[in-house]
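Here is the structure we will look at, set down as structure tokens.
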Amino acid sequence: MTSPARSVIVDTDPGQDDALAILLALASPELDVLGFIGVAGNVPLDLTTRNIRVVCELAGRTDVPVYAGANRPLKRALVTAEHVHGSTGLDGAVLPEPSMELQSQHGVDFLIETVLNRPENSVTLCMLGPLTNLALALQKEPRIAPRIQEIVMMGGGFFAGGNITPAAEFNIFVDPDAAKIVFESGIPITMFPLDCTHQALTSQARIAAFRALGSRVGDACAGWLEFFERFDEDKYGTDGGPLHDPNVIAYLLQPDIYSSRFINVEVETESQLTLGMTVADWWRVSGNEPNVTYVRDVDANAFYKLLLERIALL
């Protein structure tokens with residue numbers, strides 16, 4: 001007997017790696033995607049909401065509603081990453097403009113309404129970008145916190161350092177104030193930091209496998225990965241770049257390919273030097289209560305095998 005699908009909301013700022021995460025979620029019957037919420041991050045909100053719909057249409061899944069969320073961080077000016085993702089956020093594949101419409105409801109209100117109206121601990125939040133929408137939801141309606149099953153998020157880093165500043169990973173740096181609210185919410189959090197995602201490198205062979213699918217989806221994925229990886233190849237001197245966000249979805253499907261530790265993680269919001277740093281107490285020296293399942297390692301071959309097998313279904 002198969003277990004019921006896990007209900008998820010995906011909050012995202014595509015980004016090529018977000019696009020593959022969206023495809024993986026839509027290709028996986030174990031997940032019931034209740035909706036996508038766009039957030040300003042890799043590119044401004046009008047482009048992230050466009051890109052979500054582009055990917056949904058590529059997957060043939062116009063049935064999943066798409067909502068626009070926050071267009072700026074809680075307190076700070078928006079920082080974007082066109083230098084990594086290109087001017088559209090999805091450079092690397094030429095796809096038609098989406099025809100599916102955005103929902104009229106604000107993404108924050110959709111999140112609140114969904115969590116309150118569904119059974120307690122039945123909704124998992126997959127957070128692929130800055131945590132602004134969730135922080136706004138927690139501020140607006142604190143009753144959602146004990147009702148959320150789990151937050152699974154990509155962000156932060158400790159051993160690998162930062163990727164937008166020496167100390168900070170991009171998603172947390174864009175809205176550290178939102179991240180602080182979320183990390184202090186008491187909701188179960190599983191975190192995919194750069195320490196883990198930097199093990200999931202693309203390579204010529206892995207990209208070729210997507211192209212060998214011989215489908216529109218496979219070609220788009222190969223094009224996205226080729227564009228996206230060039231920045232990190234130059235920076236890190238590697239064959240391929242880290243594929244961050246699909247790890248969030250892969251974890252829900254195949255958690256045994258990851259290893260983690262339950263630790264305390266704090267977010268720096270004051271320092272000019274380390275703004276957005278996630279201070280991970282890996283060695284448990286602070287005496288502070290653990291609040292995050294911190295994922296440190298991934299079996300990269302198993303991760304890419306899962307990703308390829310599922311995307312081949314679209």
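Below, all heavy atoms of this structure are taken into account, side chains as well, without hydrogens, waters or symmetry copies.
Criterion: ILVMFWY side-chain heavy atoms under 4.5 Å apart, direct or through other members. Under it, Leu194 and Phe158 are not part of a common hydrophobic cluster. Ile249 and Leu34 sit in two unconnected hydrophobic clusters of ILVMFWY residues. Membership requires side-chain heavy atoms under 4.5 Å apart, directly or through other members. Residues Met153 and Ile257 are members of separate hydrophobic clusters, defined by side-chain heavy-atom contacts under 4.5 angstrom among Ile, Leu, Val, Met, Phe, Trp and Tyr. Hydrophobic clustering, with ILVMFWY side chains joined whenever heavy atoms are under 4.5 angstrom apart, groups Leu307 together with Leu26. Neither Leu134 nor Met154 shares a network with the other; the hydrophobic side chains, linked directly or stepwise wherever heavy atoms of I, L, V, M, F, W or Y lie under 4.5 Å apart, form separate groups for each.
Residues Val10 and Leu128 meet the side-chain proximity criterion, which asks for heavy atoms closer than 4.5 Å. Proximity of Glu113 to Ile144: side-chain heavy atoms (C-beta onward) are nowhere separated by under 4.5 Å. Within the 4.5 Å cutoff, no side-chain heavy atoms of Val298 are placed close to those of Phe192. Residues Leu116 and Arg147 form a side-chain contact, since some pair of their non-hydrogen atoms from C-beta on lies under 4.5 Å apart. For the pair Asn51/Thr48, no side-chain contact is recorded, criterion being any heavy-atom separation below 4.5 Å from C-beta on. Residues Met191 and Phe183 meet the side-chain proximity criterion, which asks for heavy atoms closer than 4.5 Å. Contact of the Asn71 side chain with the Pro44 side chain is not registered, since no non-hydrogen atoms from C-beta on lie closer than 4.5 Å. Using a 4.5 Å heavy-atom threshold, the side chains of Asp32 and Ser7 count as touching.
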From CA spacing to verdict: side chain to side chain contact (heavy atoms under 4.5 Å, CB included), Asp245, Ile22: CA-CA 9 Å; Asp245 293 330; Ile22 291 168; over 6 Å; no

Met127/Val248 under side chain to side chain contact (heavy atoms under 4.5 Å, CB included): CA gap, chis, key distance, verdict: CA-CA 8 Å; Met127 308 298 295; Val248 167; over 6 Å; no

Verdict with supporting geometry, Thr88 and Val43, side chain to side chain contact (heavy atoms under 4.5 Å, CB included): CA-CA 7 Å; Thr88 68; Val43 285; over 6 Å; no

Worked check of side chain to side chain contact (heavy atoms under 4.5 Å, CB included) between Thr165 and Leu275: CA-CA 9 Å; Thr165 73; Leu275 180 68; over 6 Å; no

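Distance alone, capped at 3.5 Å, is enough to place a donor-acceptor pair between the Glu57 side chain and the Ser99 backbone. The closest donor-acceptor contact from the side chain of Glu309 to the backbone of Ile311 lies at 3.5 Å or more, if one exists at all. Using modelled atom types, no side-chain atom of Ser203 and backbone atom of Gly240 make a donor-acceptor pair closer than 3.5 Å. Without hydrogens or angle criteria, Thr202 side chain to Gly241 main chain gives a donor-acceptor distance under 3.5 Å. When atom types are taken as modelled, the side chain of Thr80 and the backbone of Glu82 share no donor-acceptor pair closer than 3.5 angstrom. Judged by distance alone, with hydrogens and angles left aside, the side-chain atoms of Arg53 form a donor-acceptor pair with the main-chain N or O of Thr49 at under 3.5 Å. One N or O on the side chain of Asn163 and one on the backbone of Phe170 form a donor-acceptor pair closer than 3.5 Å. Checked by atom type and distance alone, the side chain of Asp195 never pairs as donor or acceptor with a backbone atom of Gly157 at under 3.5 Å. In this structure, the side chain of Glu268 engages the main chain of Ser271 through a donor-acceptor pair within 3.5 Å. Panel note: side chain Asn133, backbone Gly38; a donor-acceptor pair is recorded below 3.5 Å.
Shown here for Phe227 and Gly86, the closest heavy-atom pair between the two residues is CE2-N, 3.6 Å. For the pair Gln149 and Pro188, the tightest heavy-atom approach, listed with the atom from each and the gap, is O-CG, 3.7 Å. A pairwise comparison of heavy atoms in Asn291 and Asn264 identifies OD1-CA, 3.2 Å as the closest pair. Listed here is the closest heavy atom pair of Val54 and Pro98: CG2-CD, 3.6 Å. Shown here for Ile263 and Ala280, the closest heavy-atom pair between the two residues is CD1-CB, 3.8 Å. Of all heavy-atom pairs spanning Leu74 and Ala135, the tightest one is CD1-CB, 4.0 Å.
Expressed to the nearest 0.5 Å, how far CG of Leu138 lies from CD1 of Ile181 amounts to 7.5 Å. Remark: Arg261 CZ to Thr293 OG1 distance equals 12.5 Å, nearest 0.5 Å. Taking CG from Leu111 and CD1 from Ile148, the interatomic distance works out to 6.0 Å, rounded to the nearest 0.5 Å. Rounding to the nearest 0.5 Å gives a distance of 8.0 Å between CG of Leu102 and CD1 of Ile52. We find the CD-CZ distance between Gln103 and Phe36 to be 12.5 Å, quoted to the nearest 0.5 Å. Distance CZ/Phe210 to CG/Leu225: 6.0 Å, rounded to 0.5 Å.
Salt-bridge formation is detected for the pair Glu30/Arg310: a Lys NZ or Arg NE/NH1/NH2 atom is positioned less than 4.0 Å from an Asp or Glu carboxylate oxygen. Between Arg6 and Glu150, at least one side-chain N (NZ, or NE/NH1/NH2) sits under 4.0 Å from a carboxylate O, which counts as a salt bridge.
Between the side chains of Asn247 and Tyr258, at least one donor N or O lies within less than 3.5 Å of an accepting N or O.
Each of Asp177, Asp11, Asp13, Asp175 was checked for a side-chain hydrogen bond (donor to acceptor under 3.5 Å, both in side chains) with Thr132, and the lone residue meeting it is Asp175.
His198 and His244 have tilted rings, their planes meeting at an angle from 30° to 60° on a 0 to 90° scale. Between Trp282 and Phe159, the ring-plane angle classifies as perpendicular under the 30° and 60° cut-offs.
Annotation for Gln204: atom CD does not count as buried by contact number, only 12 or fewer foreign heavy atoms lying within 6.0 Å.
Taking the six-membered ring for Trp, His85 and Phe228 have ring centres closer than 6.0 Å.
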